[in-house]
Amino acid sequence: MEKRVEERTAELIKTNKELRKEISSRKKAENALKQKGMELEAKTIGLEEANTALKVLLKQREDDKVELEEKVLLNVRELVFPYLGKLKMKKLGEKQRAYIGIIESNLNDIVSPFVHGLSSKLIKLSPTELQVTNLIKQGNTTKEIAEIMNLASSTIDFHRNNIRKKIGIKNKRINLKTYLSSHS
């Protein structure tokens with residue numbers, strides 16, 4: 001009987017050791033899984049942050065593209081077309097008129113892709129109104145603008161009223177210079 005008890009005790013000790021090894025092994029595996037889970041969670045958070053940053057960058061890129069298109073279009077309309085219009089008014093030969101027509105047509109072809117998606121209210125302005133707008137943004141008074149453009153002050157007032165109407169601030173107590181500066 002004692003022999004059996006010893007054998008059984010030896011078996012129990014051996015089984016206990018094996019169970020302890022198994023428990024230790026499982027605890028190590030559990031800890032490793034927890035560690036991997038935490039690493040995966042950290043990577044997930046990192047990827048989500050990177051994804052958010054990329055979305056912000058893409059949005060900024062799109063905004064920059066639209067702003068560049070608006071600037072190119074407005075600059076051509078403000079800085080080139082008015083002078084082409086003045087050239088057309090001069091006594092020119094047929095060849096010169098044809099060249100001016102070609103230049104105007106080519107410029108329209110260049111800027112026409114920009115017009116499609118622009119929501120800018122300034123697109124509706126005539127070349128003269130764009131010139132007046134540019135001079136207002138620079139801080140010139142009506143009298144100074146009239147002198148620069150060689151026009152009457154009443155004509156500049158007329159253009160200012162048209163600008164206010166076209167950009168939707170007519171009969172509103174909004175400073176035109178401030179409005180134009182903040183929306184350009």
Side-chain angles (χ1 to χ4, degrees), residues 10-84 102-140 159-184:
E11 280 181 31
L12 284 173
I13 291 172
K14 183 180 175 185
T15 305
N16 260 347
K17 283 183 183 178
E18 288 174 3
L19 284 174
R20 284 189 186 128
K21 282 183 184 177
E22 181 75 25
I23 289 171
S24 175
S25 173
R26 288 185 183 218
K27 280 186 178 180
K28 285 180 185 176
E30 185 180 339
N31 287 337
L33 281 173
K34 282 181 183 177
Q35 183 66 29
K36 287 289 182 187
M38 289 178 0
E39 288 174 9
L40 284 175
E41 193 169 321
K43 284 182 181 180
T44 300
I45 290 170
L47 287 173
E48 287 172 351
E49 289 173 354
N51 193 22
T52 302
L54 284 173
K55 284 179 183 178
V56 168
L57 288 173
L58 284 173
K59 175 72 172 123
Q60 182 62 44
R61 184 177 178 268
E62 185 61 31
D63 292 346
D64 290 345
K65 178 184 166 199
V66 168
E67 182 181 347
L68 178 67
E69 289 175 352
E70 284 182 354
K71 283 183 179 179
V72 168
L73 178 63
L74 291 175
N75 284 337
V76 168
R77 290 192 71 194
E78 273 182 29
L79 304 173
V80 179
F81 284 151
Y83 296 103
L84 283 176
I102 291 169
I103 291 169
E104 195 171 37
S105 174
N106 287 344
L107 283 171
N108 279 324
D109 288 344
I110 290 169
V111 297
S112 67
F114 300 153
V115 176
H116 66 86
L118 300 180
S119 61
S120 176
K121 296 174 181 178
L122 297 179
I123 301 300
K124 301 173 188 173
L125 302 179
S126 71
T128 305
E129 291 166 345
L130 285 170
Q131 279 182 308
V132 171
T133 301
N134 194 32
L135 291 169
I136 291 169
K137 283 192 284 188
Q138 293 173 10
N140 294 300
H159 286 303
R160 289 174 75 105
N161 285 329
N162 279 346
I163 292 166
R164 292 179 76 79
K165 184 175 15 172
K166 287 181 180 180
I167 62 177
I169 62 168
K170 187 171 177 132
N171 298 327
K172 293 183 181 175
R173 292 180 183 254
I174 299 172
N175 182 290
L176 187 56
K177 179 188 181 302
T178 304
Y179 181 86
L180 292 171
S181 296
S182 68
H183 286 82
S184 61

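We find the CD-CG distance between E70 and L68 to be 10.0 Å, quoted to the nearest 0.5 Å. The distance from atom CZ of R164 to atom CG of N171, rounded to the nearest 0.5 Å, is 8.5 Å. For the atom pair CD (Q131) and OH (Y83), the distance works out to 5.5 Å, reported to the nearest 0.5 Å. Considering OH of Y179 and NZ of K137, their distance stands at 11.5 Å, rounded to 0.5 Å. Annotation: the span from Q35 atom CD to L40 atom CG amounts to 10.5 Å, rounded to 0.5 Å. Considering CD1 of I136 and CD1 of I163, their distance stands at 4.5 Å, rounded to 0.5 Å.
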**Q.** Evaluation steps, side-chain contact (heavy atoms from CB on, under 4.5 Å), between L107 and L84
**A.** CA-CA 11 Å; L107 283 171; L84 283 176; 3.9 Å; yes
Q: Applying side-chain contact (heavy atoms from CB on, under 4.5 Å), run through T52 and E49 and close with a yes or a no.
A: CA-CA 5 Å; T52 302; E49 289 173 354; 5.6 Å; no
Q. After noting the C-alpha distance and the side-chain angles of E62 and K65, does the key distance pass the side-chain contact (heavy atoms from CB on, under 4.5 Å) rule?
A. CA-CA 5 Å; E62 185 61 31; K65 178 184 166 199; 4.3 Å; yes
Q: With side-chain contact (heavy atoms from CB on, under 4.5 Å) as the test, would you mind laying out the steps for L176 and L180 before giving the verdict?
A: CA-CA 6 Å; L176 187 56; L180 292 171; 3.8 Å; yes
Q: Could you give me the CA-CA distance, side-chain angles and deciding distance for R26 and E30, then say whether salt bridge (Lys or Arg N to Asp or Glu O under 4.0 Å) is met?
A: CA-CA 6 Å; R26 288 185 183 218; E30 185 180 339; over 6 Å; no
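Under the 3.5 Å distance criterion, the side-chain polar atoms of S24 are left unmatched by any main-chain donor or acceptor of R20. In this structure, the side chain of R160 does not engage the main chain of V132 through any donor-acceptor pair within 3.5 Å. With hydrogens and angles ignored, the 3.5 Å screen pairs no side-chain donor or acceptor of S25 with any backbone N or O of K21.
Between G168 and K172, the shortest heavy-atom contact is O-NZ, 3.4 Å. Annotation for K166 and E129: closest pair NZ-OE1, 2.8 Å, computed over non-hydrogen atoms.
Side-chain atoms of I103 and V80, non-hydrogen and from C-beta on, never get closer than 4.5 Å to each other.
Counting heavy-atom neighbours within 6.0 Å of E41 CD, excluding the residue itself, gives a total of 12 or less.
A donor and an acceptor atom, one from each side chain of Q60 and D64, are located under 3.5 Å apart.
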